[in-house]
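Here the structure comes first, spelled out in structure tokens, and everything after it is commentary.
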Amino acid sequence: MWEQIYAVIQKVPAGYVATYGQIAALAGLPGYARQVGYALNALPENSLVPWHRVVNAKGKISIRSGGSAADLRQRARLEAEGVEFDAQGRIPLEHFQWRPERSFNGNPGQIDLGSQ
DNA sequence: CCACTGACGAGTG
DNA sequence: GCACTCGCCAGTG
């Protein structure tokens with residue numbers, strides 16, 4: 001089951017992020033947002049899954065371990081991939097949320113920075 | 001088997 | 001926009 005979730009997450013291109021609900025829906029598991037989080041929680045740190053590209057609906061890193069190395073690492077990785085955070089520590093989903101329809105060919109296209 | 005918990009989300013006040 | 005509640009399903013004790 002988680003494999004389906006992991007598969008979707010691995011489809012998220014660098015420089016973009018997806019929400020838990022979005023991942024669940026794309027995995028064919030609508031309403032399983034919590035399970036997605038649960039699945040990521042169970043992921044080993046050395047996993048090949050880009051779990052750092054998954055944030056909650058507010059565009060915020062949801063790790064409850066707040067302040068722990070985990071969320072800092074996630075943010076650092078995202079910034080390294082070109083994702084920006086606002087002063088509130090959130091990601092402007094308007095500009096960085098992954099749009100499968102738009103990247104149907106597996107090519108996400110260019111990130112429209114400068115729009116903000 | 002029952003109850004509680006959890007990297008969440010949508011709805012309501 | 002923020003705080004609170006209910007619903008979600010799987011794991012764990």
Side-chain angles (χ1 to χ4, degrees):
Chain A
M1 166 186 253
W2 305 137
E3 300 177 19
Q4 187 74 297
I5 296 174
Y6 300 148
V8 174
I9 297 176
Q10 292 183 64
K11 284 162 49 180
V12 180
Y16 283 88
V17 296
T19 64
Y20 291 89
Q22 183 179 5
I23 295 297
L26 291 173
L29 303 170
Y32 281 57
R34 301 191 70 166
Q35 306 320 70
V36 173
Y38 195 89
L40 296 186
N41 179 39
L43 271 177
E45 299 177 12
N46 49 358
S47 175
L48 45 160
V49 180
W51 55 273
H52 53 279
R53 293 179 194 145
V54 185
V55 296
N56 64 21
K58 306 182 194 80
K60 191 78 165 56
I61 293 175
S62 305
I63 301 179
R64 290 185 178 243
S65 316
S68 186
D71 69 22
L72 295 177
R73 195 176 352 171
Q74 176 169 9
R75 174 168 175 158
R77 279 185 154 190
L78 289 173
E79 293 183 310
E81 293 181 348
V83 176
E84 296 178 2
F85 287 76
D86 59 17
Q88 305 168 91
R90 302 182 313 190
I91 300 170
L93 296 178
E94 295 292 316
H95 303 288
F96 297 102
Q97 180 170 41
W98 175 44
R99 296 178 184 174
E101 313 159 300
R102 193 178 123 184
S103 55
F104 60 95
N105 269 0
N107 181 354
Q110 267 305 317
I111 301 174
D112 52 297
L113 297 175
S115 300
Q116 176 58 31

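Hydrogens, waters and symmetry mates are skipped; everything else that's a heavy atom, side chains included, is used. We name chains A, B, ... by the order of the sequence lines, and we start the count at 1 in each one. Quick caveat: nothing in here was measured; it's all calculated off a predicted structure.
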Once you apply a heavy-atom cut-off of 4.0 Å, does A:Tyr20 come out as touching a base, just sugar-phosphate, or nothing?
base
Report yes or no: does A:Tyr6 contribute a side-chain atom to a donor-acceptor pair with the main-chain N or O of A:Ala39 at less than 3.5 Å?
yes
Verify, without hydrogens or angle tests, whether A:Gln35 (side chain) and A:Met1 (backbone) share a donor-acceptor contact under 3.5 angstrom.
no
Run the salt bridge (Lys or Arg N to Asp or Glu O under 4.0 Å) test against A:Arg77 and tell me which residues pass, sequence neighbours left out.
none
Rounded distance (Å) that lies between atom P of B:dG9 and atom CG of A:Leu26
13 Å
Salt bridge (Lys or Arg N to Asp or Glu O under 4.0 Å) partners for A:Arg75, two or more places apart:
A:Glu79
Please state how far atom CG in A:Asn41 lies from atom C1' in B:dC8, giving the value in whole angstrom units.
13 Å
With a 4.0 Å cut-off on heavy atoms, is A:Asn56 in touch with a base, just the backbone sugar-phosphate, or nothing at all?
sugar-phosphate
For A:Trp98 and A:Val8, the nearest pair of non-hydrogen atoms, with its separation, is CZ3-O, 4.2 Å
Rounded to whole angstroms, how far apart are CD1 on A:Ile5 and C1' on C:dA10?
10 Å
Result for 5'-nearest mapping on DNA chain C, choosing between A:Gln88 and A:Gly31, is A:Gln88
In whole Å, I'd like the distance from the CD1 atom of A:Ile23 to the P atom of C:dC9.
19 Å
I need the CD-P distance between A:Gln35 and C:dT12, as an integer number of Å.
12 Å
Heavy-atom pair of closest approach, residues A:Ala57 and A:Thr19
CA-CG2, 4.0 Å
Between A:Ala57 and A:Tyr38, which has a closest nucleotide on DNA chain B that is more 5'?
A:Tyr38
Nearest-Å distance, CZ (A:Arg34) to P (B:dC4)?
14 Å
Please write out the pairs of protein N or O atoms and N or O atoms of nucleotides 11-13 of chain B separated by less than 3.5 Å, giving the distance to one decimal.
none

Tell me: NZ of A:Lys60 to P of B:dC8, nearest whole Å?
12 Å
Without hydrogens or angle criteria, can the side chains of A:His52 and A:Glu81 be said to hold a donor-acceptor pair below 3.5 Å?
yes
Whole-Å distance separating the CD atom of A:Gln22 from the P atom of B:dA10
11 Å
